[in-house]
Q: 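The structure's right below; bear with me while I get my questions together.
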Amino acid sequence: MTPHNTRTRNTPRSTPLNAKKASVKGSRKLQGIIDYQTISSVSGPLLLVEGVDGVKYEELVEIFLPSGERRRGRVLEVDKDKALIQIFEGSSGIEIGQTRVRFLGKGITIGVSEELLGRVFDGLGRPRDDSLPLIPEEFRDINGLPINPFARAYPNEFIQTGISCIDGLNTLVRGQKLPLFSGSGLPHNRMAAQIARQAKVLGAEEEFAVVFGAMGITFEEAQFFIDDFRRTGALERAVLFLNLADDPAIERIATPRVAFTAAEYLAFTRNYHVLVILTDLTNYCEALREISAARKEIPGRRGYPGYLYTDLASIYERSGRIKGSEGSITLIPILTMPEDDKTHPIPDLTGYITEGQIILSRSLHNKNVSPPVDVLPSLSRLKDKGIGKGKTREDHADSFNQLYAAYARGKEAQELAVILGEAALTDIDKKFMSFAEAFEARYVSQGEYEDRTIEETLDLGWELLTMLPRAEMKRVRDEYLEKYYDKTAAKLKKEEENA
């Protein structure tokens, strides 16, 4: 018998140990590959096949229906001579005793080459556009491994997204995992498209690419991404993997792994700086829960499988930098929080694995602040490594700290005014409240196609800080106050006099 761990697609299989049983039930051998007709049960998208031999976990399967239709699936579990299979396209029309199952001896693979850039694919890497078929340089299994912690290089290079509330306050660093927590109906998809259009590594000669993976989105949303990327020219340096809401759950689970396989090729074989954007991870986790329920597994929190943390980590940890490699993978996973609940298992577990979070606020969205980023609970744990002299600007850290402190005090003044009335506020409290309103309207809020440089973002921050007395600049060093605060205040005063 061929050993379990050495059989390949082209290796003929010997007759199973229970060949007599299998032949009675109706399996047949074709060119060294066995077609099994030993399906014993069908439960939702799952098939149980008995009398199998040498089957591997995650192996691809072809299912031949009596009608002549052919479907695909993969092996979810193997127990001695039994294999549990999940079908990609659903189980309707499958008849026990009449349907044939063929194990292909390989997992899900994707063809990779630099021709991926500029293309649109479905969730399994099949072309969705009208271009010529991709000519791959090689095929790679989508089930890659997380980066070895010992081989990781520490993230320390600034990525400019052109969005002030990210660049100035929650800085994205090359190789970082920075998730975006949103809610149903909030403009996270438009923000994702804006980041994909505008993101760049400053002062770097290396190529920059975007791998965009969407899971469970509607046709309208998919068309928005395709049209927006094409119209703005962003598609030339991007590759899109789009899984629609009516596509099978099993394809939804494969989509982020397909996207990361393409990203790993571009980053570590072709030395690209790759930004991976995944939306919506909540749909991915719902698909995991669906499969877990079909397998009758014991549920964890809110019905999600107990291995949800491990599964998410197996995706997120494929991003980063590797010592000795010029390329890198930076990840922005986007997820919608059910009922805007930050303690929900999906955002909760994601927060443990990643280095911070950017949170969108429904109240800011209702005030027409766009993007409605809630600055105070948002955080980038690696921001200090990506800012400062030689990366952004010398005053970045001080101005960030002062802006954050001033905005927090302004929000406290707003809350106090609601309770006691604005008349109960001191003059300085009123100035901080006015600052908070201007900060949301001018700094946080910006046009969907407005691409601000880091210098423009920092200058805007100093302009807003001049609304407050110099004595309140307690988090900025004197040298930066003289160089930036005083000059900005003098410039604004001169412009006001000339007007």
Q: For Tyr304, check side-chain contact (heavy atoms from CB on, under 4.5 Å) against everything at least two apart and list the hits.
A: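 Cys285, Glu286, Arg289, Arg302, Leu308, His344, Pro345, Ile346.
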Q: Salt bridge or not between Asp451 and Lys200? Use side-chain N to carboxylate O under 4.0 Å.
A: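 Lys200 and Asp451: salt-bridged.
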Q: For His188, check side-chain hydrogen bond (donor to acceptor under 3.5 Å, both in side chains) against everything at least two apart and list the hits.
A: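 His188: side-chain hydrogen bond (donor to acceptor under 3.5 Å, both in side chains) contacts with Ser182.
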Q: So which atom in Val173 and which in Pro155 form the shortest heavy-atom distance, rounded to 0.1 Å?
A: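 Here Val173 and Pro155 meet closest at CG1-C, 3.5 Å.
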Q: With sequence neighbours left out, which residue pairs that include part of residues 363-408 fulfil the ring-ring contact (aromatic ring centres under 6.0 Å, His included) condition?
A: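 As it turns out, the ring-ring contact (aromatic ring centres under 6.0 Å, His included) pairs with a partner in residues 363-408, which skip direct neighbours, are Tyr407-Phe439.
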Q: Test of understanding: with side-chain hydrogen bond (donor to acceptor under 3.5 Å, both in side chains), list the residues that count as partners of Glu115, not counting sequence neighbours.
A: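 Listed in chain order: nothing, the list is empty.
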Q: Check ring-ring contact (aromatic ring centres under 6.0 Å, His included) between Phe121 and all other residues, then give those that pass, not counting sequence neighbours.
A: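 For Phe121 the ring-ring contact (aromatic ring centres under 6.0 Å, His included) partners, ignoring immediate neighbours, are Phe241.
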Q: Answer yes or no: are there more than 12 heavy-atom neighbours, outside Glu496 itself, under 6.0 Å from its atom CD?
A: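 Open.
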Q: In residues 412-424, what donor-acceptor pairs under 3.5 Å come from side-chain atoms, sequence neighbours left out?
A:
| residue | atom | partner | partner atom | Å |
| --- | --- | --- | --- | --- |
| Gln414 | OE1 | Lys411 | NZ | 3.3 |

Q: Under the side-chain contact (heavy atoms from CB on, under 4.5 Å) test, which residues partner Asp227, sequence neighbours left out?
A: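 Once residues adjacent in sequence are excluded, the partners of Asp227 under the side-chain contact (heavy atoms from CB on, under 4.5 Å) criterion are Gln223.
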Q: Indicate the atoms forming the closest heavy-atom contact of Glu463 with Arg442, along with that distance.
A: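 The pair with the smallest heavy-atom distance is OE2-NH2, 2.6 Å.
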Q: Which residues pass the side-chain contact (heavy atoms from CB on, under 4.5 Å) test with Asn156, sequence neighbours left out?
A: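 So Asn156 forms a side-chain contact (heavy atoms from CB on, under 4.5 Å) with Arg321, Lys385, Lys391.
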Q: Answer yes when Glu207 and Arg270 have at least one side-chain N-carboxylate O distance shorter than 4.0 Å, and no when they do not.
A: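 Arg270 and Glu207: not salt-bridged.
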Q: Could Glu472 and Arg409 be called an ion pair, given the rule that one side-chain N must be under 4.0 Å from one carboxylate O?
A: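 Salt bridge present between Glu472 and Arg409.
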Q: For Arg119, enumerate each residue passing the side-chain hydrogen bond (donor to acceptor under 3.5 Å, both in side chains) test, keeping only those at least two apart in sequence or located in another chain.
A: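 Counting only residues at least two positions away or on another chain, Arg119 forms a side-chain hydrogen bond (donor to acceptor under 3.5 Å, both in side chains) with Asp129.
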Q: Inspect the surroundings of NZ in Lys494 and state if more than 12 heavy atoms from other residues, nucleotides or ligands are less than 6.0 Å away.
A: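 No, because the 6.0 Å sphere around NZ of Lys494 holds 12 heavy atoms or fewer from other groups.
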Q: Quick check: does any side chain N or O of Asp374 sit under 3.5 Å from a backbone N or O of Ser361, one acting as donor and the other as acceptor?
A: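 Between the backbone of Ser361 and the side chain of Asp374 there is no qualifying donor-acceptor contact (under 3.5 Å).
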Q: Keeping the roles fixed (side chain from Gln402, backbone from Lys474), state whether a donor-acceptor pair exists under 3.5 Å.
A: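 Answer holds: yes.
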Q: Output all residues satisfying side-chain hydrogen bond (donor to acceptor under 3.5 Å, both in side chains) with Asp384, sequence neighbours left out; order by chain, then residue number.
A: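 Applying side-chain hydrogen bond (donor to acceptor under 3.5 Å, both in side chains) to Asp384 gives none.
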Q: Can you list the residues that meet the side-chain contact (heavy atoms from CB on, under 4.5 Å) rule with Ala222, with sequence neighbours excluded?
A: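 side-chain contact (heavy atoms from CB on, under 4.5 Å) check on Ala222 returns Ile217, Leu242, Leu244.
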Q: Hey, are Asp459 and Arg393 close enough for a salt bridge, meaning a charged N less than 4.0 Å from a carboxylate O?
A: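 The answer is yes: the pair qualifies as a salt bridge.
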Q: Is there a donor-acceptor contact under 3.5 Å linking the side chains of Asp228 and Tyr449?
A: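 Their side chains do contain a donor-acceptor pair, which is all the 3.5 Å distance test asks for.
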Q: List for me each residue that meets ring-ring contact (aromatic ring centres under 6.0 Å, His included) alongside Tyr484, sequence neighbours excluded, and say none if there are none.
A: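 With neighbours one apart ignored, the set is Trp462.
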Q: Measuring centre to centre across the rings, with the benzene-like ring taken for any Trp, is Phe212 within less than 6.0 Å of Phe225?
A: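 Between Phe225 and Phe212, which both carry aromatic rings, the centre distance is below 6.0 Å.
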